[in-house]
Each structure stands twice: as C-alpha cells, then as structure tokens.
Student: 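A single structure is presented below for examination.
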Amino acid sequence: MWTGFHGPSDLINKAYKELDEHHNMGHIDAALCLHHSDDVDHKHVFFFLNDKVFSYHDHTLEKDFPKDISEVFPGIPSHIDAAVECPKGECVRDSVIFFKGCEVFHYDTFTKKVKSSHWTHLPNCTSALRWQNHYYCFHGHQFTKFHPVTGSVTGQYPKDARDFFMKCPNFGRLSNHTERERCSHVALDAIASDGLDRAVAFRGDYFLREDERNRDGWHAFPIAESFKEVKSEVSAVFSYGGLLYIIKGDQVFAYKSGDQYDLVEGYPKPLKEEFGIDGPLDAAFVCGEHSVLHVSKGQQMFYIELSASPRTVVKEARLPFPKLNAAMCGPDGIKVFIGTEFFEYQSPMLLAFSRIRPEPHKMSLEMFGCDH
C-alpha cells in the first residue's frame with residue numbers, strides 16, 4: 001500500500017492488521033472512503049475481499065466486522081472489481097458505485113436501494129477513484145475519466161496513469177512537460193503531420209507529437225532537441241514529398257522524418273527563394289497527395305504550386321478570419337486554429353468561400369484530451 005502518489009510502499013496489514021488475520025489475503029478487491037456528514041475527517045474506510053467487507057474507523061476495525069457484503073450492502077454481489085463513493089450533488093443521493101465486469105451498481109446509502117446498469121463502453125474497472133470531484137476508472141496502468149451517474153466519457157481516453165497519478169522514474173521521457181503543453185490553453189504556433197503518420201504541434205520552445213497509428217497520446221519535447229537548427233518559435237509547418245518543412249520568419253528548413261529528424265542538405269533556404277512569397281507567414285498546409293501549398297498571411301490565403309519551378313503564388317483568396325494561428329489538412333478535412341479553439345472545413349474552397357462559420361471546437365478538450 002502506498003500512502004500517496006510516490007514514495008515507498010508498506011504492507012497493508014501494517015496499518016490494517018485484521019485484514020491478514022481474518023483471511024489469507026493475497027489481494028483486495030476494492031476499497032473506498034465513505035463520506036458521512038458527521039465524520040468531517042472522512043476516516044471511515046471499507047475494504048472488500050471476496051464475499052466479505054471490513055469496516056474501519058480511524059484504522060480501527062469496527063465491532064462485528066468483517067461481515068458478508070450482502071449484509072452491509074444488500075443487493076451488491078460478492079467478488080466485486082471496484083467501488084467508489086459518490087456524495088449527493090455529484091450523484092442524486094449519497095451513493096456508492098460498485099463495478100463487476102461491465103455491470104455497475106449504484107447503491108443508495110440512505111434507502112439501501114440498488115440500481116444496476118451496463119456500461120459496456122467502459123473497460124472493466126479494476127479500481128475506481130474520486131479525485132477533486134472527478135471520477136476515474138483504472139484498468140491496468142491506464143485510466144478513463146467518467147461521469148458518475150451516466151458513465152459517459154468526454155475527451156480522449158484511456159490515458160496512462162504513470163503520466164498523471166504517480167511518478168515513475170524514467171517513464172514517459174520529458175512527461176513532466178507533456179501535461180503542461182497539452183493543457184496550457186495557449187495558442188499553437190503551427191501543426192502538421194510529419195509524413196510518417198505522426199502529428200506534430202508546435203508552441204513556443206516545445207512541440208507535441210502523437211503517433212496516429214498507435215494512438216498512445218501526445219508527448220512533449222523541446223524543439224531544440226529534435227530540430228536544433230530551428231531551436232524555437234516556428235511560424236508554420238507542413239509535410240510534402242516525404243519531408244517536413246518548417247518555416248521560421250523568412251527561412252525554410254526541410255527535415256527527413258524517421259526515428260529522428262535530419263536536416264536536408266542545403267537548408268535552411270530563404271522563404272522567397274523556396275516558395276516565391278515574402279514572410280512572415282501565419283500558417284501553412286498541404287492536403288494529401290496534392291501539390292498545392294496553402295499559406296496564410298493575415299486574412300489572405302495564397303496558393304503555391306509546389307510542382308512548378310520556380311514556385312510562385314498562383315492564386316489568392318480571402319479568409320473568414322482576421323488571422324490564423326495554425327492549420328492542418330488530413331483525411332477528415334481542414335482544421336484551422338484560432339486561439340484555444342479550432343474550426344473544421346471539408347476543403348480549402350469551403351474555407352475560403354463559406355459564409356457560415358462552423359461550430360468551434362475546444363482544442364485542449366477535443367484534440368489533446370485534457371479535462372477542461
């Protein structure tokens with residue numbers, strides 16, 4: 001048992017010795033701290049083991065315990081997987097939520113009535129936690145945040161508990177930067193795919209990368225470590241012909257994507273020489289296998305034919321926004337980023353000529369999987 005999110009562990013029978021005295025304990029099925037209005041210190045703890053429940057107050061086993069789970073919590077099965085308290089205001093009444101497989105039991109602590117339901121959309125919870133008025137289902141080393149009444153899940157889950165709930169040495173390289181960069185509520189500088197099914201988003205001195213094939217979440221790294229020639233603060237980025245192009249001010253950097261990013265010989269080059277346009281630029285994107293680069297400056301979008309030599313602007317259009325922070329194009333269309341929100345369009349033509357602004361999406365919540 002750990003008495004926090006880091007530090008050494010202790011044998012559980014050191015603090016709750018009767019658990020081992022009554023059973024040859026190899027595991028605990030579930031545990032919860034039940035809140036009572038007359039117990040402001042919340043020292044009432046239940047442990048569930050097979051068909052028994054142990055009730056402790058301030059580390060002292062209460063009289064006549066352990067008891068059968070069915071006696072203390074009628075209607076709740078034995079061998080449960082997880083349990084978590086749910087006070088009134090977060091649940092309809094003071095309740096305990098029990099998990100067994102995909103079956104969920106809401107136990108009313110006042111009426112002792114049970115409402116059961118099936119939350120097949122959640123993984124099988126091996127433990128559950130209420131933390132800062134939010135609810136988390138743990139499964140393996142991953143967790144999913146859920147609504148305690150409906151079980152609904154908002155955001156990108158599951159996530160790795162080792163990035164959020166505990167500190168594991170050498171896990172998640174630079175993961176201490178990841179949460180800050182994902183959920184900082186600061187506008188992006190640039191975003192694109194790097195040509196190897198990995199999305200990259202740049203902000204200040206860091207970039208976030210997501211492997212779109214493995215879907216293991218976004219991870220943050222210093223720009224200067226992977227793109228040492230760029231160092232920080234990029235203007236725009238896009239992928240074309242197997243190369244990742246980074247535009248910074250009036251210069252263009254081209255990188256080969258692989259286990260690491262290698263600068264192509266001859267770069268950086270002047271922006272005007274490479275793409276026939278003066279900087280600074282706000283955003284850039286190329287859609288799929290097309291050879292047209294779209295770049296934005298203020299409220300203007302410029303079309304540049306990359307297959308031509310020399311490359312020059314071949315078309316212009318007026319954007320429905322005064323300025324873009326970043327933009328990217330993928331299989332689902334175009335995302336344009338304005339501050340902490342993004343907007344979706346099906347094509348460059350609709351972005352340029354649509355008179356109806358689409359619904360905004362919250363970048364931190366819907367893209368980076370933050371809780372807010």
Side-chain angles (χ1 to χ4, degrees), residues 6 141 156 159-271 274 279-286 325-328 330 335 337 340 342 363-364 367-370:
H6 55 84
H141 56 74
Q156 294 184 6
K159 299 177 181 177
D160 200 304
R162 295 167 292 182
D163 269 331
F164 294 85
F165 285 97
M166 58 203 72
K167 296 179 180 178
C168 299
N170 302 319
F171 174 78
R173 182 167 167 269
L174 299 172
S175 61
N176 55 321
H177 301 302
T178 294
E179 177 68 1
R180 181 195 68 220
E181 291 301 319
R182 284 173 52 251
C183 307
S184 67
H185 296 277
V186 175
L188 293 178
D189 293 331
I191 188 169
S193 169
D194 70 357
L196 291 178
D197 293 325
R198 297 180 302 197
V200 286
F202 293 80
R203 180 195 289 121
D205 295 332
Y206 288 86
F207 77 100
L208 290 149
R209 185 171 65 197
E210 180 193 39
D211 191 321
E212 297 171 352
R213 294 167 297 183
N214 297 331
R215 288 292 182 184
D216 66 342
W218 294 83
H219 298 276
F221 307 90
I223 293 174
E225 184 176 279
S226 295
F227 306 97
K228 62 181 185 293
E229 298 84 5
V230 175
K231 297 181 181 178
S232 65
E233 296 180 342
V234 308
S235 303
V237 59
F238 68 94
S239 178
Y240 175 72
L243 299 179
L244 181 68
Y245 290 86
I246 296 178
I247 300 170
K248 180 175 181 176
D250 290 318
Q251 288 190 309
V252 179
F253 300 78
Y255 288 88
K256 296 177 183 177
S257 298
D259 292 335
Q260 62 184 24
Y261 297 98
D262 297 317
L263 186 68
V264 176
E265 187 177 353
Y267 285 86
K269 295 180 179 180
L271 177 64
E274 184 76 348
L281 304 181
D282 298 326
F285 64 89
V286 172
N325 293 121
M328 72 180 300
K335 291 183 176 71
F337 295 81
T340 60
F342 67 90
M363 180 172 64
S364 61
M367 183 168 173
F368 292 126
C370 302

Student: Ignoring hydrogens and angles, tell me if any N or O in the side chain of K248 forms a donor-acceptor pair with the backbone of S232 under 3.5 Å.
Tutor: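 Judged by distance alone, yes, a pair lies under 3.5 Å.
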Student: Mind listing the closest non-hydrogen atom pair of A192 and M328 along with its distance?
Tutor: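 So the two residues come closest at C-CE, 4.1 Å.
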Student: Nearest 0.5 angstrom please: L263 CG to L243 CG, how far?
Tutor: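 CG of L243 is found 10.5 Å from CG of L263.
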Student: My understanding is that only residues two or more places apart in sequence, or in another chain, count here; which of them pass salt bridge (charged side-chain N to carboxylate O under 4.0 Å, His left out) with D282?
Tutor: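 Salt bridge (charged side-chain N to carboxylate O under 4.0 Å, His left out) list for D282, sorted by chain: K323.
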Student: Between D189 and G204, what is the shortest heavy-atom contact and its length?
Tutor: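 For D189 and G204, the tightest heavy-atom pair comes out as OD2-N, 2.8 Å.
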Student: Which is it for V200 and Y261 under the side chain to side chain contact (heavy atoms under 4.5 Å, CB included) test, yes or no, and what are the steps along the way?
Tutor: CA-CA 12 Å; V200 286; Y261 297 98; 3.9 Å; yes
Student: For the aromatic rings, using the six-membered ring if either is Trp, is the centroid distance between F285 and F238 under 6.0 Å?
Tutor: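 F285 vs F238: aromatic centres not under 6.0 Å.
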Student: Kindly indicate whether the side chain of V237, heavy atoms from C-beta on, has any atom under 4.5 Å from the side chain of F207.
Tutor: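 They are not in contact (no side-chain heavy atoms under 4.5 Å apart), so the answer is no.
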Student: Can you sort out the partners of E181 under side chain to side chain contact (heavy atoms under 4.5 Å, CB included), two or more places apart, ordered by chain and number?
Tutor: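 Per chain and number, E181 pairs via side chain to side chain contact (heavy atoms under 4.5 Å, CB included) with R203, Y206, L208, A220.
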Student: Give me the ring orientation class for Y255 and F253: parallel if the planes are under 30° apart, tilted from 30 to 60°, perpendicular past 60°.
Tutor: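 Judged by the thresholds at 30° and 60°, the geometry between Y255 and F253 is parallel.
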Student: In terms of ring plane angle, is the pair Y245 and Y267 parallel, tilted or perpendicular, where the classes change at 30° and 60°?
Tutor: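 Judged by the thresholds at 30° and 60°, the geometry between Y245 and Y267 is perpendicular.
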Student: Please report the closest heavy-atom contact between S193 and S239, naming both atoms and the distance.
Tutor: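 Closest approach of S193 to S239, heavy atoms only: O-CB, 2.9 Å.
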Student: Between D250 (side chain) and L271 (backbone), is there a donor-acceptor pair under 3.5 Å?
Tutor: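 No, the answer is negative, given that no donor and acceptor are paired below the 3.5 Å cut-off.
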Student: Hey, could you give me the CD1/CG distance between I191 and N325, rounded to the nearest 0.5 Å?
Tutor: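 Separation between the atoms: 11.5 Å.
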Student: Any chance you could measure M363, atom CE, to C183, atom SG, to the nearest 0.5 Å?
Tutor: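 If we round to the nearest 0.5 Å, M363:CE and C183:SG are 10.0 Å apart.
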Student: Checking the side chain of S235 only, and the main-chain atoms of G249 only, is there a donor and an acceptor separated by less than 3.5 Å?
Tutor: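 Present.
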Student: Please name the pair of heavy atoms, one in A327 and one in A283, separated by the smallest distance, quoted to 0.1 Å.
Tutor: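 Heavy-atom minimum between the residues: N-CB, 3.8 Å.
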Student: How many angstroms lie between atom CZ of F202 and atom CD1 of I246, to the nearest 0.5 angstrom?
Tutor: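 Rounded to the nearest 0.5 Å, the CZ-CD1 separation comes out at 4.0 Å.
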Student: For M367, does its backbone N or O pair with a side-chain atom of W218 as donor and acceptor, under 3.5 Å?
Tutor: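 Between the backbone of M367 and the side chain of W218 there is a qualifying donor-acceptor contact (under 3.5 Å).
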Student: Can you confirm whether I223 sits close enough to K231 that some side-chain heavy atom of one is under 4.5 Å from a side-chain heavy atom of the other?
Tutor: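 SC-SC contact between I223 and K231 ruled out.
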